[in-house]
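What follows is a single structure, written as structure tokens, with notes after it.
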Amino acid sequence: MKILFVISEVEDIIKTGGLADVGKALPIALSKLGHDVRIVMPYYKQVAKDLDLTNTIQSQIMHINGAHYTYKVKELGFHGIKIYLIDHPYFSEAQSLYADESLASNAQRFSLLSLCALSVSYYLDFAPNILHCNDWHTALTPYFMHSDYLIRHQLINKHDFFAQTKSVITIHNAAFQGAEKLDRVPLLNDHDKHHIYSDNNHVNMLRTGLMFSNKICPVSPSYAHEITSYLGSHGVSDVINQAPHKVIGILNGCDYSQWDPASDKHLPANFEIGNMKGKQECKKVLQKTAGLPQLKSTPLIGMVCRVAKQKGFDFIMPIIEDLLLHKVQFVIMGTGDAAIVAKLHDISRRHPDKFHFLEAFKPNLSHLIEAGSDFFLMPSEFEPCGLNQMYSLAYGTLPIVRHVGGLADTVIDISQSNATGFSFTEPSALNLLSTIRNALLSYHDSPSKIKKMIKQGMQTRFTWETAAKHYEHVYKSK
């Protein structure tokens with residue numbers, strides 16, 4: 001199959017979060033299955049600085065709604081895949097990927113990316129079997145392709161060029177939808193207003209993509225179910241429930257070439273099932289790095305995440321002081337909400353022997369926290385998929401999670417015979433407190449059970465090969 005994969009970021013090229021992990025891993029896995037995958041993404045200022053690529057397509061001009069858009073295309077070979085990078089001032093002159101709106105609104109910038117992706121495909125005579133777009137950034141692509149937009153604006157001469165192309169949109173996080181005033185998205189006019197998802201003269205890019213895509217793939221089966229409900233969908237359930245047959249949840253994979261405790265170069269000592277001595281060394285180094293007493297028998301809880309409400313801090317903050325009455329240590333690393341960050345710094349100052357908060361994100365330290373912790377905390381309000389719980393399982397670190405989204409699909413509670421972690425369902429601080437206390441009690445009183453859970457977790461695999469095969473099935477389905 002020919003697959004046009006449109007995304008806003010790709011790991012190893014530019015990354016702000018987990019979306020980039022998918023942007024790298026899934027196309028590579030699809031390519032290994034024999035598909036011809038082409039990626040389209042922006043040529044950001046930082047990418048231009050890092051790579052300084054030459055043009056593979058010279059200036060192209062699109063005339064739309066009385067304005068003209070001139071862009072160039074860079075090409076990069078990437079693990080046997082061609083990546084086409086759209087070179088336009090919206091991207092190459094902006095100071096950041098998403099926050100800088102000095103040149104144009106985010107909706108304006110990424111709607112142009114979506115249109116350029118189709119223009120490039122047409123220019124290169126690459127007629128894809130599948131258009132695969134990701135999240136709100138590229139969600140207008142199915143609309144541009146499936147509607148009369150390209151013909152109406154005379155952007156293609158072969159009217160049947162995309163006639164056999166099916167579209168798939170992956171929802172990585174439905175909380176972000178690309179809502180913007182229509183007059184700030186000049187690629188759209190009054191004609192489009194009557195076909196896209198618009199409300200009170202605002203376009204909703206994600207909902208428009210869900211309306212026009214042939215298939216919708218949330219990043220876990222549980223999240224696929226959650227977004228059908230009003231409370232769990234961030235408001236997109238009205239569109240989802242119009243065509244539930246289009247929705248197929250596919251769990252993200254984990255890149256075990258980067259997250260393998262037996263070979264991880266970020267660790268002071270490596271380890272694997274059958275030889276876990278290195279994990280104790282990692283714990284000792286983590287305690288030293290965090291300025292905590294190096295106590296082997298004290299359970300250590302780690303956390304690496306955005307400091308945000310979504311990640312469960314409404315449940316965490318009310319119970320930290322209670323938890324610190326126990327024999328336990330905490331290491332939390334992240335950046336985000338200023339008010340929460342200030343409170344975490346205060347707790348760290350008042351409990352230096354038990355609690356350490358680092359306001360930063362350091363990849364090498366995130367690996368050490370995964371490896372050196374006994375438990376990893378992820379009590380998310382919602383979690384479309386999540387990756388850290390997968391890393392934790394691989395590193396023999398038992399996840400403590402809320403039974404929601406991808407966390408529900410990957411972590412098996414201690415109450416089950418094949419347990420790999422601890423989970424709770426009701427979103428409250430008291431339920432989280434009870435679950436953590438259960439984990440600490442099990443650590444001290446049931447070491448053989450903990451050891452069995454660690455082994456079962458380390459044997460668990462969520463691979464991109466499996467995910468790619470699921471997508472392949474979706475591509476071929478009617």
task: Please test H88 against Y43 for ring-ring contact (aromatic ring centres under 6.0 Å, His included), starting from the C-alpha separation and ending with a verdict.
output: CA-CA 7 Å; H88 185 276; Y43 192 54; over 10 Å; no
message: Just to verify, what does F313 make a ring pair (Phe, Tyr, Trp, His ring centres under 6.0 Å) with, not counting sequence neighbours?
response: none
Contacts of F357 that satisfy ring pair (Phe, Tyr, Trp, His ring centres under 6.0 Å) - sequence neighbours left out: H345
statement: Applying side chain to side chain contact (heavy atoms under 4.5 Å, CB included) to F361 and not counting sequence neighbours gives V304, M333, P363, S366
query: Can you name the side-chain hydrogen bond (donor to acceptor under 3.5 Å, both in side chains) partners of D12, sequence neighbours left out?
result: K24
- prompt: Who passes side-chain hydrogen bond (donor to acceptor under 3.5 Å, both in side chains) against K15, sequence neighbours left out?
  reply: D21
task: Name all residues meeting the ring pair (Phe, Tyr, Trp, His ring centres under 6.0 Å) criterion together with Y143; count only those two or more places apart in sequence or in a different chain, and write none if there are none.
output: F212
Salt bridge present between R109 and E101 (N-O < 4.0 angstrom): no
- prompt: Do the ring planes of H132 and Y471 sit parallel (below 30°), tilted (30 to 60°) or perpendicular (above 60°)?
  reply: tilted
query: Who pairs with K215 by side-chain hydrogen bond (donor to acceptor under 3.5 Å, both in side chains), at least two apart in sequence or on another chain?
result: none
- request: State which residues pass side chain to side chain contact (heavy atoms under 4.5 Å, CB included) with K279; sequence neighbours excluded, sorted by chain then number.
  value: F271, M276, T397
query: For the rings on F176 and W136, is their centre-to-centre separation under 6.0 Å?
result: no
- request: Test the R38-Y84 pair against the cation-pi criterion, namely NZ or CZ under 6.0 angstrom from the six-membered ring centroid and within 45° of the ring axis.
  value: no
query: Who pairs with H79 by ring pair (Phe, Tyr, Trp, His ring centres under 6.0 Å), at least two apart in sequence or on another chain?
result: none
query: Residues in side chain to side chain contact (heavy atoms under 4.5 Å, CB included) with T228, at least two apart?
result: H225, I240, N241
query: A342: what forms a side chain to side chain contact (heavy atoms under 4.5 Å, CB included) with it, not counting sequence neighbours?
result: none
- request: Anything under 30° is parallel, anything over 60° is perpendicular, the rest tilted; go ahead and classify F315 against F424.
  value: perpendicular
field: Sequence-distant partners of H234, side-chain hydrogen bond (donor to acceptor under 3.5 Å, both in side chains), two or more places apart
entry: none
